[in-house]
Amino acid sequence: MSEHLGNLNDVQRVAVLHTEGPLLILAGAGAGKTKVITHRILEIVRGGTAPEEVLAVTFTNKAAREMRERVMHLLQTQGDAGGKGSSGRRLNTPFVSTFHSLGLAIIKENAKALGFARAPAIYDRADSLRAMKAALKSVGVEDIDARAALSFMSRHKGDGVTADACAEDAPNGRDRAISLAWLTYEKSLRAEGALDFDDLLLRAMHFLRTDTAARERYLARWRYVHIDEYQDTNHVQAQLAGLLVGPQKNICAVGDIDQTIYSWRGAKIANMLEFEKTYPGARIVLLEENYRSTKNILAAANDVIAKNVFRQEKNLFTKNQDGKELSLYQAFDEVDEAAFVVRKVLEHVALGRQPRDCAILYRANFQSRALEEAFLAAEVPYQVVGTRFFERKEVKDVLALVRAALYDTRPDIARVANVPARGIGKVTLLKILTGREGELGGAMRDKVAAFRALLARIKDAAKKLPPSKLVQYVVVESGIECMLKDDKLEGVERLENVRELASLAARYDPSTGSGRVLTNLEGVESLLEYAALASDQDELKEEKNAVRLMTVHAAKGLEFPVVFITGLEEGLFPYAREADEGADKEEERRLMYVALTRAKLEVYLTYAAYRTIFGSKQATLPSQFLSDIPEHLLELEAPERLGKTIYLD
């Protein structure tokens, strides 16, 4: 038996050795799914396939980076002697990426065929919101929120529906109005040579579906396809994956219906349930042994999820120790709840654990306020996951300057024309954006010319400097450094953020590019793409020793020794929706299952008798999920001050 196979359990080994034909791996939480994918890729390469003929797709840059590093380590240490494939060629890298990065790669390689003069710019959420607001105003719609319109558009794009089709089939006036705004929004993107997140998937899928020759090229390039987190795929993602599967049907999908928590993003649970119908003859492998959690934590998770109907039956088990019972604290209000959490974290730190070993999970973002105040008061370091680094103003300003210099994109020019202040007003900016700079008077013409000269210098520097040095150059040359140093309130912290951007950019310097060595300009483009495609989890700085505060959604795929699940009250977790449908209830239960299975050693469950919502203190009831957990698995935590806690039956 090969060395790498000896590191697998019997069921994992079955999945790794099944390299030909369709394979569905139902992998429970903590069952080693990444290990199986990476070892399966190693087995395929050891069988004579070139690494670059293997495709693996997951959902976050963080997960893709981890998978890529693990695959390359296996290939270098356990592949053929000398790090070469059977043909004697040096090993190249399997294509491991997120769905959005895959879509962007396909679009960039076929930019001209898709009507782009260059690689498209990528609109982030703020860009899309600004464009949608302008589109709604353009079509005379004032009573529809731009965020709601974007959500409507995103859901339809995820289902593979175009703006034209949506406009034709709109069932009511509101949908027709949004569809008209969507059409206007699309025109503005085309004028900028830009795409939004959903376009990266939709355009790539339509291109492969309509261009047979192009599809054949990709089928020849990637002979083996792996899709991680298959339960989270929407219609377009599943279609895109299917178009990359050749006649041999060499697709391996890995997922867990019990962890489907993104229906609001368009995730289709049917993609998992109908895999065997889509790929007849598929082998099904069930990974149920959990290597993460204690027996008591898994027992609680199994009891919670067992009530769901729309799932493929499985029951996680572990050879780990029984562990402690799950602690249950009944707080008076959110302040008491936060004080309890901080108190327990401090107890763990006193016993030798690090702050980063503890994660505080909640259902809704507003819950973080009381927790943050308590951690601040106790001087316990914490980090709120979900406040994206790349959405900080100063970071966006630096990146916008680079994009404006390289691509002359109007949204970026509008953002930074007066950052730092250059005396360029709204009227002048409008003339810049509409190509009427010739109408400007002498003094204003000089100011605009100085701004254009700055962009020209940055563009020239992008070719000569590695990305990390370019960021430093932009910060100084633009005047942003002086501006931040003059800011006596937040300037120091904001300056640290742009310095952190330079550190991150070093990943893309020529000497550190993965695979072939990147040129300076390619490195800059890679940095811009990473910034545009980064998710909340990609902002998680592992080196920061701090307690993590995050929503349960943001915790997906992570694990911690100690996990606090807060706000376990009816209407909050499970979250109350206007349409109290069965599917919504099941997704809330899956969220609870995900929350429980993030924990390795200890779980604390908390709820408050009263919680302040929308400025009003409201009485609450304990979450139904608490009654799903058998009493013998729970241990009640005593309050610090007995007089303040109300115990509810």
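Because the structure is predicted, anything quoted here is derived from the model rather than measured. Residues: numbered from 1 along the sequence shown.
- Note on D333 versus R611: no salt bridge recorded, every NZ/NE/NH1/NH2 to OD/OE distance being 4.0 Å or above.
- With L42 as the fixed residue, the side chain to side chain contact (heavy atoms under 4.5 Å, CB included) test singles out one of V16, L75, T77: L75.
- Here CG of L316 is found 5.0 Å from CG of N302. Values are rounded to the nearest 0.5 Å.
- S101 and T98 are linked by a side-chain donor-acceptor pair at a separation below 3.5 angstrom, with hydrogens and angles left out of the test.
- Using bins of under 30°, 30° to 60° and over 60° for the plane-to-plane angle, the ring pair F573/F625 lands in the perpendicular bin.
- Remark: R40 fails to qualify as a cation-pi partner of Y224 under the 6.0 Å distance and 45° angle criteria applied to the six-membered ring.
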Mind running ring-ring contact (aromatic ring centres under 6.0 Å, His included) on H100 and F59 for me, showing each step along the way?
CA-CA 8 Å; H100 289 92; F59 273 79; 8.2 Å; no
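- Around the CD atom of Q248, the shell of radius 6.0 Å holds no more than 12 heavy atoms that belong to other residues, nucleotides or ligands.
- The aromatic rings of F564 and F340 lie perpendicular to each other, with more than 60° between the two planes, well past the 30° mark.
- Side-chain atoms of S623 and E569 include no donor-acceptor pair closer than 3.5 Å.
- When only modelled atom types and interatomic distance are considered, T49 and E53 share no side-chain donor-acceptor pair under 3.5 Å.
- Side-chain contact of S154 with D198: a donor-acceptor pair under 3.5 Å is present, judged by distance alone.
- Side-chain atoms of V236 and D159, non-hydrogen and from C-beta on, never get closer than 4.5 Å to each other.
- Side-chain N/O atoms of E43 and T19 include no donor and acceptor closer than 3.5 Å.
- Counting heavy atoms from C-beta on, the side chains of T597 and I297 never come closer than 4.5 Å.
- In this model, a donor atom of one side chain and an acceptor atom of the other lie less than 3.5 Å apart for N9 and Y291.
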Working for salt bridge (charged side-chain N to carboxylate O under 4.0 Å, His left out), residues R221 and E52
CA-CA 8 Å; R221 178 186 301 184; E52 62 268 28; over 6 Å; no
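- For the residue pair Q231 / E229, a side-chain donor-acceptor distance below 3.5 Å is found, with atom types taken as modelled.
- Separating the CD1 atom in I284 from the CG atom in L23 is a distance of 7.5 Å, to the nearest 0.5 Å.
- When each of V14, L26, V254, I25 is paired with L287, the side chain to side chain contact (heavy atoms under 4.5 Å, CB included) condition holds for I25 and for no other.
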ring-ring contact (aromatic ring centres under 6.0 Å, His included) evaluation trace for Y329 with Y607
CA-CA 7 Å; Y329 184 69; Y607 71 91; 8.8 Å; no
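- Under the 4.5 Å side-chain criterion, counting only non-hydrogen atoms from C-beta, I37 is not in contact with T34.
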Could you walk me through whether R283 and E20 satisfy the salt bridge (charged side-chain N to carboxylate O under 4.0 Å, His left out) test, starting with their C-alpha distance in whole Å, then the side-chain angles of each, then the deciding distance to 0.1 Å, before giving a yes or no?
CA-CA 10 Å; R283 177 77 178 269; E20 303 300 317; over 6 Å; no
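- Side-chain contact annotation: E289 with T318, donor-acceptor N/O pair under 3.5 Å absent.
- Salt-bridge formation is detected for the pair E347/K344: a Lys NZ or Arg NE/NH1/NH2 atom is positioned less than 4.0 Å from an Asp or Glu carboxylate oxygen.
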